Structures are given as structure tokens and as C-alpha cells.
**Q** 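Pasting a structure below so you can have a look.
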Number of protein chains: 2
Amino acid sequence: MAPIKIALVGIGKIVRDQHLPAIAKNSDYQLIAAASRHGTVDGIDNFKSIEAMLDAVPAIEAVSLCMPPQYRYEAARVALDAGKHVFLEKPPGATLSEVADLEALAASKGLSLFASWHSRYAPAVEAAKSFLATTTIKDVQVIWKEDVRHWHPNQEWIWAAGGLGIFDPGINALSIVTHILPRPLFVTSAVLEFPENRDAPIAANITFTDGQKLPVAAEFDWRQTGKQSWDIVARTAAGEMVLSEGGAKLSIDGKLVHEEPEQEYPMLYRRFAEIVKAGKSDVDLAPLRHVADAFMLGKRKFVEAFHD
Amino acid sequence: MAPIKIALVGIGKIVRDQHLPAIAKNSDYQLIAAASRHGTVDGIDNFKSIEAMLDAVPAIEAVSLCMPPQYRYEAARVALDAGKHVFLEKPPGATLSEVADLEALAASKGLSLFASWHSRYAPAVEAAKSFLATTTIKDVQVIWKEDVRHWHPNQEWIWAAGGLGIFDPGINALSIVTHILPRPLFVTSAVLEFPENRDAPIAANITFTDGQKLPVAAEFDWRQTGKQSWDIVARTAAGEMVLSEGGAKLSIDGKLVHEEPEQEYPMLYRRFAEIVKAGKSDVDLAPLRHVADAFMLGKRKFVEAFHD
């Protein structure tokens with residue numbers, strides 16, 4: 001099969017760090033264009049807008065949309081209307097309803113839509129899922145604490161309404177948890193902490209449960225300096241499972257059982273090629289739905305102003 | 001066909017005002033029991049909990065759940081696990097995910113789940129939908145302004161996290177708008193006003209659009225004294241459509257074209273009997289999804305404390 005002629009839209013840090021190397025190493029793809037208000041990619045045609053790019057380069061078969069979520073719907077719609085398959089960076093949109101609309105549009109046109117969740121492809125995630133499927137889980141704790149100044153320096157969009165704040169990393173945890181646990185979760189309580197000068201939360205404490213009353217607690221915090229934590233801890237009948245470093249390492253009762261180099265974006269692009277070839281979509285809204293539920297159900301607390 | 005043996009759970013104002021008269025007049029039902037922490041229904045067996053009721057009265061075939069949304073999932077699950085069909089008052093739950101879970105559970109057991117939206121059955125709603133289907137819509141304004149002290153005196157649960165605040169009536173507007181407009185909507189911006197002493201908003205301004213960029217604006221306010229407004233106004237190529245009084249009256253260019261007495265709850269119970277007989281569910285989460293999206297995307301503003 002000929003490589004999929006792909007274009008990138010929204011050229012920023014995540015594209016340079018992850019998308020470009022993943023596409024370059026995958027023979028399923030040929031990168032032929034890019035569109036971005038500010039960024040460019042060397043060695044291919046660059047455009048200021050997706051509309052200009054699609055007009056000028058009709059050979060494009062698929063687009064990967066990496067701009068902030070608040071602008072993703074419009075671009076996705078333009079791409080689907082032009083008959084292109086669409087890869088959405090996470091989160092797939094600013095609202096659940098707009099992604100549902102895109103999913104229906106893609107289906108009506110026989111195109112593939114991929115709502116990507118890169119953390120689900122972290123190295124030890126499948127091993128954690130397999131382990132949990134064989135035992136009885138007593139409770140689960142999710143601890144996702146990082147330093148926003150280090151990871152998102154001066155990224156204003158993450159603090160704007162629709163930018164999700166702490167849920168921007170937190171949704172990575174939710175994408176793993178919803179994948180590895182045996183039953184669907186739902187939020188039962190939440191406290192969201194908003195800096196008094198920002199429209200998005202800097203921290204959140206959430207409790208979930210499932211149809212069998214499994215207690216699941218998540219602590220998300222963007223004010224963590226020093227040691228960073230991206231851990232999911234499950235107490236089970238077969239011992240304590242710790243999935244740490246964002247899904248990279250798995251330990252059972254303190255014994256390391258799974259560790260390998262991360263390949264998240266290469267695996268995302270492998271998956272996208274797979275669904276394009278199969279003529280289907282892959283859109284799981286559960287992680288974003290939990291975030292929306294937490295906002296709807298949660299108590300709001302105002303905390304100290306945040307300045308970059 | 002023998003009448004459906006039904007039980008009511010959560011006996012409060014809405015049950016006495018609407019559910020009891022609707023069930024009494026419908027020969028598809030026989031009301032045989034009720035469960036409530038505080039209320040009772042004369043002439044039938046009453047219980048303190050749904051569990052006690054289902055244990056004592058195995059003949060129950062369906063339950064109608066009318067307690068506050070924060071407590072609805074648990075009761076619905078108990079009922080579905082006991083093999084009963086379930087009618088959910090609006091909103092169907094405190095989170096989207098819990099309702100999705102119930103929907104899957106009902107499907108797995110071959111039971112009917114009904115997420116009821118009573119305002120969709122207001123007298124002029126179908127006429128409004130038919131009118132809008134024949135013309136081009138320029139824009140839509142939703143004005144839902146009422147006096148919370150009059151309509152919800154001392155109902156603490158509506159102010160608690162998960163009680164939805166102004167969205168408790170506002171979701172009625174959204175249930176109509178999502179039904180009468182030709183394409184799915186999604187929220188593009190929202191401002192939610194929270195009284196400084198409450199966990200739920202007292203007012204909200206929301207803008208929506210759809211795949212064809214239709215401008216839709218909604219103003220929800222619980223501080224309206226004097227004239228109450230439950231209006232949906234659409235400017236169209238065929239004139240200005242006003243669906244007023246919560247869906248009871250329809251006017252085109254000032255001319256009243258549809259008005260009849262409201263029959264919302266009788267029609268809901270007719271619909272529920274229909275899906276039970278057909279062995280299917282009716283769960284449209286779009287109104288609740290828009291509320292969750294507005295909370296997720298919206299800016300929060302703190303306003304004057306609210307005291308009943």
C-alpha cells in the first residue's frame with residue numbers, strides 16, 4: 001500500500017518533540033505539507049491556514065491536528081468536508097458535543113477520525129491492564145502532580161476557558177485509568193481549585209466509583225516542584241500494583257515487572273494507519289467525559305493567583 | 001396487555017403535581033408501591049427505601065425515579081439489577097458517565113431505560129420543529145428567566161454540587177432546542193454566575209453553534225422577579241418564530257399558530273409504556289452533555305450570595 005500522504009496543522013512543541021519524529025520513522029506515512037499561524041516544518045510546503053493548505057495541496061489524504069483544543073473543531077470540520085482522514089491530538093476538542101458531531105460527520109463520509117490518547121500507549125499500560133484483569137481490586141489512587149512552570153511555560157491557552165488547566169495532564173491519567181480498569185467509572189465528587197486570576201483549574205481532587213463500588217481517588221496538582229508524580233496505585237488481592245512514570249514502569253509489591261523505552265507517538269501513528277486502512281474511526285470520549293462530569297459535579301475553590 | 005405494575009421512588013412536589021395524576025389517568029399502568037425517605041402515597045404500600053420495596057413487592061415491573069439526581073444512579077442500578085424497567089426524571093443523573101453505565105446495564109439485561117425530558121412534550125414543540133424544518137434559520141435566542149424563590153423554595157439540593165443550579169430549569173430549554181433544531185449544537189462559550197455561598201450557578205450565558213455556524217445564544221437566570229420568561233426565538237427566512245411559555249405557545253411573526261393545554265407528563269408516561277412494550281430504551285444525553293460542556297468550557301464568575 002502506498003504511504004498515506006499526511007499534513008500537520010498547528011506546529012508547536014508537541015509536533016517537534018513527538019509528531020515529526022514518529023511520522024519520519026513510519027513508512028506508512030509521507031509528510032507532504034504543514035499549516036500553522038507561526039510555526040513551520042523544514043523541507044515541505046508550509047501554509048498559514050488549513051484552508052490554504054488543502055486548496056493548494058489536493059494530494060493530502062490525512063491531517064493531524066495539533067493546535068489548542070479550542071480551535072480544533074473548525075479545522076477538523078474543514079478537513080472532513082474536504083474528504084481527509086483526521087488525527088486529533090488530545091484532548092480531541094473543547095466540548096464533548098463537538099467531537100460527537102465530528103464523529104457523525106466522519107461516519108457519514110466514510111472517513112477515519114482518531115481521538116488519540118497518547119498515554120494509553122505508554123509501555124506498561126497493557127501489562128497493568130492484564131494484571132488487573134486477573135485479580136480483585138480493592139481501591140485505586142491516581143496521583144498526577146507536576147510543575148506547570150516546567151512543562152507548560154507561558155502557554156496561555158491552557159489557562160483560558162476550554163484549555164482545561166490541570167486536566168490537560170490529568171486527562172492522560174484518565175485515559176490510562178479508563179483503559180486498565182475492568183468496568184466503566186463515574187465521578188462521585190470533585191473539588192476544583194482555580195487560581196483567582198485564571199479560568200482553568202490548577203488542581204483537582206476527584207473521587208470515582210463503578211458499578212461494583214470500587215473506590216477510585218485522583219489527585220491532580222500543577223504546583224508540584226521537586227519530584228514529579230504520574231502514578232496509578234491499585235491495592236489488589238494479588239498485591240499492590242504501581243504503574244508509575246506516566247505508564248512507563250509497572251511494579252507489583254515493589255518488584256519491577258515491566259519497563260521498556262516509551263513509544264507513545266510511534267504507536268499512535270501505527271494505530272491511525274491501521275484505522276485508515278480498515279476504514280473505521282477510533283473515538284473514545286470517556287476521558288473527556290470524566291473531565292466534563294468533574295466540572296459539572298465539582299465544587300469550585302478559589303486559590304492564590306498563578307503567574308508564570 | 002395487562003397494565004405495567006409500577007412503583008414511584010422519591011415522593012416530593014413533582015410526584016404529587018405531575019407523576020401521580022399522569023399515572024392515574026393512564027390505563028397502561030397500575031401503581032402498586034412507593035418508596036421515599038419522607039413522603040408517602042395514599043392507598044398503596046409505602047417503604048422507606050427502594051431496596052425494602054423491591055424485596056417486599058416482587059410484582060413490581062417498573063420504577064419511576066424522582067429523587068434528586070445525586071441519588072438516582074444507585075437506585076436505578078438496584079432496580080435494573082432486580083430486573084425492573086426504569087423511568088428517570090430529568091436530569092437523568094449527576095454525571096454523563098453514570099447514565100451511560102445505566103444504559104449499558106439496561107441493554108445487557110433487555111430492560112427499558114427512559115431518560116425523560118418533559119419539556120420536549122410541551123404542546124407546541126412538534127409544531128415548532130416542523131416549522132423550522134421548512135425554512136432557513138438565521139439565529140436563535142433562548143431566554144429562560146424565572147424566580148427560584150417562587151419555583152424552588154428552600155430546595156437545598158439544587159444548590160449543592162451536582163444539583164445543577166440554574167441548569168435545572170435551563171436543561172428543559174436545552175431539551176427543546178436540541179429537539180427542534182435541524183443539526184446538533186455545541187457550546188462555544190459560556191459564563192456561569194455562582195452565588196458566593198453556593199456550589200451551583202444562579203445564572204448562565206451560553207453561546208452555541210452547529211456544523212453550519214448557526215448562532216444560538218441562551219440566557220438562563222434564576223433572579224427574575226415579575227414576568228417569567230421561557231421563550232425560544234428563532235429569526236428565519238419565513239419570519240420570526242416565538243416558542244413561548246416553555247413550549248406551550250407558538251407564534252410566527254406575532255400571529256399565534258399553536259396553543260393547547262399542556263400534557264407533558266401524560267405524554268412521558270405514554271412514551272415510557274411504548275418503549276417498555278417495544279423492549280427498547282430512550283436515552284438522549286444531549287441536553288445534559290451541553291450542560292457538562294458549559295461547565296467545562298465556561299468562565300466562572302462569583303456574584304452576590306443567595307439566601308432563600
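Protein chains get the first letters and strands the later ones, always in sequence-line order, with residue 1 at the start of each. None of these values were measured; they are calculated from a predicted model.
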**Q** Can you confirm whether the side chains of B/Arg120 and B/Thr178 place a donor and an acceptor under 3.5 Å from each other?
**A**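 Note: B/Arg120 and B/Thr178 side chains meet the donor-acceptor criterion.
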**Q** Can you name the nearest heavy-atom pair linking B/Leu288 to B/Trp117, along with the distance?
**A**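 It is N-CH2, 4.1 Å.
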**Q** Does any heavy atom of chain A fall under 4.5 Å from the side chain of B/Asp101, the backbone, both, or neither of them?
**A**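 Just the side chain, heavy atoms under 4.5 Å.
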**Q** Can you pull out the residues in residues 161-177 of chain B with any heavy atom less than 4.5 Å from chain A?
**A**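 When heavy atoms of chain A are the reference, residues 161-177 of chain B contributes B/Ala161, B/Gly162, B/Leu164 within the under-4.5 Å range.
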**Q** Considering all heavy atoms of both residues, which atom of A/Val63 and which atom of A/Leu54 are nearest to each other, and what is their separation?
**A**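 Scanning both residues completely, I find the closest heavy atoms to be CG1-CD2, 4.3 Å.
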**Q** Which region of A/Ala100, side chain (C-beta onward) or backbone (N, CA, C, O), has a non-hydrogen atom less than 4.5 Å from a non-hydrogen atom of chain B, or is it both or neither?
**A**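 Side chain of A/Ala100 only, per the 4.5 Å heavy-atom cut-off to chain B.
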**Q** If the contact rule is any heavy atom under 4.5 Å from chain A, which residues of residues 179-198 of chain B qualify, in numerical order?
**A**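 Near chain A, by residue number: B/Pro184, B/Leu185, B/Phe186, B/Val187, B/Phe194.
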**Q** Working to the nearest 0.5 Å, report the span between NZ of A/Lys84 and CG of A/Leu113.
**A**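 It comes to 15.5 Å.
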**Q** Can you give me the closest heavy-atom contact between A/Thr209 and A/Leu214, atom names plus distance?
**A**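 Taking A/Thr209 first and A/Leu214 second, the nearest heavy atoms are OG1-O, 2.9 Å.
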**Q** Taking everything shown except B/Lys129 itself, do over 12 heavy atoms lie less than 6.0 Å from its NZ?
**A**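 More than 12 within 6.0 Å, yes.
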**Q** Taking all non-hydrogen atoms of both residues into account, name the closest pair between A/Ala52 and A/Ser49 and its distance.
**A**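 It is N-OG, 3.0 Å.
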**Q** Look only at the side chain of A/Ser281 and the backbone of A/Ser112, and say whether a donor-acceptor pair between them is shorter than 3.5 Å.
**A**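 Side chain of A/Ser281 to backbone of A/Ser112, a donor-acceptor pair under 3.5 Å: no, none is there.
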**Q** Are there residues of residues 67-83 of chain A that reach to under 4.5 Å of chain B by heavy atoms, and which ones?
**A**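 Within residues 67-83 of chain A, the residues under 4.5 Å from chain B are A/Tyr73, A/Glu74, A/Arg77.
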**Q** Contact part of B/Ala200 toward chain A, heavy-atom cut-off under 4.5 Å: side chain, backbone, both or neither?
**A**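 Contact with chain A: none, neither part.
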**Q** Parallel, tilted or perpendicular: which describes the rings of A/Trp159 and A/Trp222, with under 30° parallel and over 60° perpendicular?
**A**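 Ring orientation, 0 to 90° scale: tilted.
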**Q** Could you list which of residues 90-99 of chain A have a heavy atom closer than 4.5 Å to any heavy atom of chain B, in residue-number order?
**A**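 If one takes a 4.5 Å heavy-atom cut-off, the residues of residues 90-99 of chain A near chain B are A/Ala94, A/Thr95, A/Leu96, A/Ser97, A/Glu98.
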**Q** Within this structure, what is the CZ-CG distance for the pair A/Phe306 and A/Asp308, rounded to the nearest 0.5 Å?
**A**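 Spacing of CZ (A/Phe306) from CG (A/Asp308) equals 4.5 Å.
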**Q** What's the spacing between A/Glu219 CD and A/Thr207 OG1 if we round to 0.5 Å?
**A**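 Output value for this atom pair is 11.5 Å.
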**Q** Is it the case that atom CD in B/Gln141 sees more than 12 heavy atoms from other parts of the structure closer than 6.0 Å?
**A**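 Incorrect, the count does not exceed 12.
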**Q** A/Ile143 versus A/Phe220: any side-chain heavy-atom pair under 4.5 Å?
**A**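 A side-chain contact is absent here, since even the closest heavy-atom pair is not under 4.5 Å.
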**Q** CZ of B/Phe208 to NE2 of B/His290: how many Å apart, nearest 0.5 Å?
**A**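 Going from CZ on B/Phe208 over to NE2 on B/His290, the span is 6.0 Å.
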**Q** Quick check: do A/Glu89 and A/Ile14 have side-chain heavy atoms less than 4.5 Å from each other?
**A**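 Side chain of A/Glu89 against side chain of A/Ile14, heavy atoms only: contact under 4.5 Å found.
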**Q** Supply the atom-to-atom distance B/Leu105 CG to B/Leu111 CG, rounded to the nearest 0.5 angstrom.
**A**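 Those atoms lie 8.0 Å apart.
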**Q** Measuring from atom NZ of A/Lys48 to atom CD of A/Glu51, what distance do you get when rounded to the nearest 0.5 angstrom?
**A**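 Between atom NZ of A/Lys48 and atom CD of A/Glu51 there are 14.0 Å.
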**Q** Return the minimal non-hydrogen interatomic distance between B/Val125 and B/Ser119, and the atom names on each side.
**A**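 The pair with the smallest heavy-atom distance is CG2-O, 3.5 Å.
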